[in-house]
Q: 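Please read through the structure below; I'll follow up with questions.
In what follows, every heavy atom counts, from backbone to side chain, and hydrogens, waters and symmetry copies are set aside.
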Amino acid sequence: KTAVVDREWLGGVCLNIGCVPSKALLRNAEIAHLLRERGGDFGFKVDGLTLDYGAAVRRSRQVSDRLVKGVGFLMKKNKIDVHMGSARLTGPHAVEVKGKDGTVTLQAKNIVVATGASPSSIPGVTPDGDRVVTYREAILQERYRAAALDGGATWPGEPTWGSAWKKRARDYFTKRLAVYGHMSSLP
């Protein structure tokens with residue numbers, strides 16, 4: 001018998017607020033770039049193309065939600081137990097899961113630990129969800145940002161995020177300032 005424990009959502013960070021929605025946003029950026037820069041090559045004349053960043057984010061959420069439902073379907077189809085909650089190893093073959101419905105202990109011959117991702121902050125700078133955001137808020141915000149400061153760390157979806165926000169339709173996403181090195185040297 002197989003079981004999966006996930007703290008927040010089935011599919012984890014990658015499927016919900018990392019790789020998958022980032023790639024969906026990148027697809028929007030690619031289409032915008034194609035229409036703006038190469039539309040004539042394909043017989044399109046696009047004057048006054050307007051882009052709706054909020055609609056792009058909502059589309060990325062739909063893509064993620066559809067895949068999460070697909071994972072849920074596969075879990076049921078393959079008779080895999082899904083436990084939503086925080087897990088803790090309590091022995092070499094035991095996992096304690098604390099969820100909204102209480103605590104359960106699972107026994108297993110083999111246990112795979114996949115911790116996912118969590119954001120870290122610059123000392124003295126507290127994410128507020130508006131001016132200072134983590135990857136979580138950044139991928140979910142429907143508001144267009146004119147500029148962004150990237151602390152230089154790797155985060156879920158970064159390879160596609162960087163492309164979507166920098167290389168493709170710059171005015172559609174953002175002008176990205178990359179700061180690498182010692183963040184403590186910032187004023």
Side-chain angles (χ1 to χ4, degrees), residues 4 6 8-78 80 82 114 116-122 127-181 183 186:
V4 170
D6 217 320
E8 196 165 355
W9 345 254
L10 198 54
V13 169
C14 182
L15 189 57
N16 288 275
I17 57 170
C19 313
V20 170
S22 294
K23 288 179 182 177
L25 288 170
L26 178 58
R27 181 65 179 145
N28 280 53
E30 289 170 337
I31 292 169
H33 173 77
L34 188 64
L35 288 171
R36 280 210 170 122
E37 305 298 325
R38 300 201 43 229
D41 296 347
F42 294 91
F44 295 106
K45 182 178 180 187
V46 181
D47 292 326
L49 177 66
T50 59
L51 305 167
D52 183 342
Y53 181 74
V57 171
R58 288 188 295 277
R59 179 185 162 278
S60 77
R61 302 308 320 140
Q62 291 171 345
V63 170
S64 289
D65 292 345
R66 184 174 62 244
L67 293 175
V68 168
K69 287 177 184 170
V71 169
F73 168 79
L74 290 173
M75 296 292 163
K76 285 181 184 176
K77 177 183 175 194
N78 292 292
I80 297 171
V82 176
S118 60
S120 59
S121 298
I122 301 168
D128 62 8
D130 181 39
R131 292 183 48 117
V132 179
V133 299
T134 67
Y135 64 83
R136 174 184 294 266
E137 294 92 10
I139 198 74
L140 296 174
Q141 286 187 345
E142 293 184 22
R143 186 174 66 171
Y144 170 80
R145 297 285 179 162
L149 178 66
D150 180 345
T154 301
W155 58 279
E158 181 181 22
T160 53
W161 185 262
S163 294
W165 281 50
K166 184 177 180 186
K167 294 178 185 173
R168 300 290 177 191
R170 288 181 192 223
D171 62 325
Y172 180 38
F173 289 100
T174 190
K175 294 177 183 170
R176 182 173 179 241
L177 306 172
V179 176
Y180 297 96
M183 295 305 294
L186 290 175

Q: What heavy-atom pair brings Ser60 and Val57 nearest, and what distance separates the two atoms?
A: OG-O, 2.6 Å
Q: Looking only at heavy atoms, what is the nearest atom pair of Leu51 and Arg36, with distance?
A: CD1-NH1, 3.5 Å
Q: If we only count heavy atoms from C-beta on, is the Leu140 to Arg61 side-chain gap below 4.5 Å?
A: yes
Q: Closest heavy-atom contact between Ala32 and Leu49?
A: O-CD2, 4.3 Å
Q: Report yes if the side chains of Phe44 and Leu34 come closer than 4.5 Å at any heavy-atom pair, otherwise no.
A: no
Q: With sequence neighbours left out, write down each residue that passes side-chain contact (heavy atoms from CB on, under 4.5 Å) with Phe73, or none if nothing qualifies.
A: Lys77
Q: For Asn78, enumerate each residue passing the side-chain hydrogen bond (donor to acceptor under 3.5 Å, both in side chains) test, keeping only those at least two apart in sequence or located in another chain.
A: none
Q: By salt bridge (charged side-chain N to carboxylate O under 4.0 Å, His left out), which residues pair with Glu37, not counting sequence neighbours?
A: none
Q: Let me see the working for Arg136 and Glu8 under salt bridge (Lys or Arg N to Asp or Glu O under 4.0 Å), right down to the final yes or no.
A: CA-CA 13 Å; Arg136 174 184 294 266; Glu8 196 165 355; 2.9 Å; yes
Q: Applying side-chain hydrogen bond (donor to acceptor under 3.5 Å, both in side chains), can you list everything that pairs with Glu137, at least two apart in sequence or on another chain?
A: Thr134
Q: For Glu142, what residues pass the salt bridge (charged side-chain N to carboxylate O under 4.0 Å, His left out) criterion, not counting sequence neighbours?
A: Arg58
Q: Side chains of Ile139 and Ser22, heavy atoms from C-beta outward: is any pair under 4.5 Å?
A: yes
Q: Is Tyr53 close to Asn28 at the side-chain level, that is, under 4.5 Å between some pair of heavy atoms?
A: no
Q: Could you pull out the closest heavy-atom pair between Pro21 and Gly18, with the gap in Å?
A: CD-O, 3.4 Å
Q: Without swapping roles, check the side chain of Gln141 against the backbone of Gly54 for a donor-acceptor pair under 3.5 Å.
A: no
Q: Crowded around Arg59 CZ? As in, over 12 foreign heavy atoms under 6.0 Å?
A: yes
Q: Report yes if the side chains of Val68 and Trp9 come closer than 4.5 Å at any heavy-atom pair, otherwise no.
A: no
Q: Flag the pair Val82 / Asp6 as yes when at least one side-chain heavy-atom distance between them is below 4.5 Å, and no otherwise.
A: no
Q: Would you please name every residue forming a salt bridge (charged side-chain N to carboxylate O under 4.0 Å, His left out) with Arg66, sequence neighbours left out?
A: none
Q: I need the single residue from Leu74, Val71, Leu67 that forms a side chain to side chain contact (heavy atoms under 4.5 Å, CB included) with Leu10. Which is it?
A: Val71
